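Working notes for the structure below.
These figures come from a predicted structure and were not determined experimentally. Both ligands and their constituent atoms are indexed starting at 1 by order of listing. The figures that follow rest on heavy atoms only: side chains count, while hydrogens, waters and symmetry mates do not.
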Amino acid sequence: MITQLQERIITKENPYQMVFVCLGNICRSPTGEGVMQHLVNEAGLSSYFLIDSAGTAAWHVGEPANSKSRAVAMEYGVPLLSRARQFQAQDLDQFDLILAMDKENYRNILALATTDAQREKVKLMREFDSSPDDKQVPDPYYGGISGFHEVFRIVERSCKALLEQLKPMVKHDSKAAATGS
Ligand code: 4NP
């Protein structure tokens, strides 16, 4: 069963904010950020979503995404433009949805939460995957290129399903729609 998110109206004034979180913020979560941004852009919804990524560890802060992650994503026309940052407790307030790549990330994020409202925002990204396996995205960092391809496929499948669930919550500005602006 795919997780069903709480309904909320998404407008340009109140965009839906999501952050993908892995360990280093150089492989899996930058792929999530890049793929979701690409899907949102393709759907013409970039004003309605704010998409970010972060790592639970600080080891790679300031670094661009891993070169293999970037190369694989570019094969699909998806640029990965993030610079690594560490996940902060305040992200639990800012974001509507916090998407952990594996169960260790999930536990480390929840350890920073102090309220039920914060805890409810934290999900495993693969809760939205139609083929969720064990609901974790395998860490590709120490492996070969095939692992990076697998990460991309998992992320793309999950993000497509997640965006389909969010699209009906988008409330287009009727005036802008009428004038086509
Ligand atoms: P990520 O992959 O969590 O998907 O960004 C990793 C990146 C770096 C390390 C581990 C995983 N590391 O041990 O430095």
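When only interatomic distances are considered, the shortest N/O to N/O separation between Ile26 and ligand 1 falls below 3.5 Å. The shortest N or O to N or O distance between Pro140 and ligand 1 is not below 3.5 Å. Between His60 and ligand 1, a contact under 3.5 Å exists for at least one N or O pair. Here's the thing with Tyr142: one of its N/O atoms is less than 3.5 angstrom from an N/O atom of ligand 1.
Close approach to Gly24 involves these atoms of ligand 1, each under 4.0 Å from a residue heavy atom: 1 (P), 3 (O), 5 (O). For ligand 1, the atoms closer than 4.0 angstrom to any heavy atom of Asp139 are 2 (O), 6 (C), 10 (C), 11 (C). Against a heavy-atom cut-off of under 4.0 Å, Cys27 is close to the following atoms of ligand 1: 1 (P), 2 (O), 4 (O), 5 (O). Short contacts between ligand 1 and Leu23, defined as distances under 4.0 Å to a heavy atom of the residue, involve ligand atoms 3 (O), 10 (C).
Of the options Leu99, Val21, Asn25, Leu80, a side-chain contact (heavy atoms from CB on, under 4.5 Å) to Ser53 is made by Asn25 and by none of the others.
Using the six-membered ring where Trp is involved, Phe49 and Tyr16 have ring planes that are perpendicular, over 60° apart on the 30 and 60° scheme.
Protein heavy atom closest to atom 9 (C) of ligand 1, with residue, atom name and distance, is Tyr141 CD2, 3.4 Å. From the protein, the heavy atom lying nearest to atom 1 (P) of ligand 1 is Cys22 SG, 3.5 Å.
Taking the six-membered ring where the residue is Trp, the centroids of Tyr48 and His172 are separated by under 6.0 Å.
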Does Lys167 form a salt bridge (Lys or Arg N to Asp or Glu O under 4.0 Å) with Glu164? I'd like the steps, not just the answer.
CA-CA 5 Å; Lys167 271 182 187 171; Glu164 286 311 307; 2.9 Å; yes
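A salt bridge links Asp91 and Arg85; the closest N-O separation between the charged side-chain nitrogens and carboxylate oxygens is under 4.0 Å. Ion pair Asp96/Arg8 flagged as a salt bridge, since at least one NZ, NE, NH1 or NH2 atom sits closer than 4.0 Å to an Asp/Glu carboxylate oxygen.
Using a 4.0 Å cutoff on heavy atoms, Met101 does not count as a contact of ligand 1.
With no hydrogens or angles considered, a side-chain donor-acceptor pair links Asp102 and Asn105 at under 3.5 Å.
Note that CD of Glu75 is 14.0 Å distant from CZ of Arg70, once rounded to the nearest 0.5 Å.
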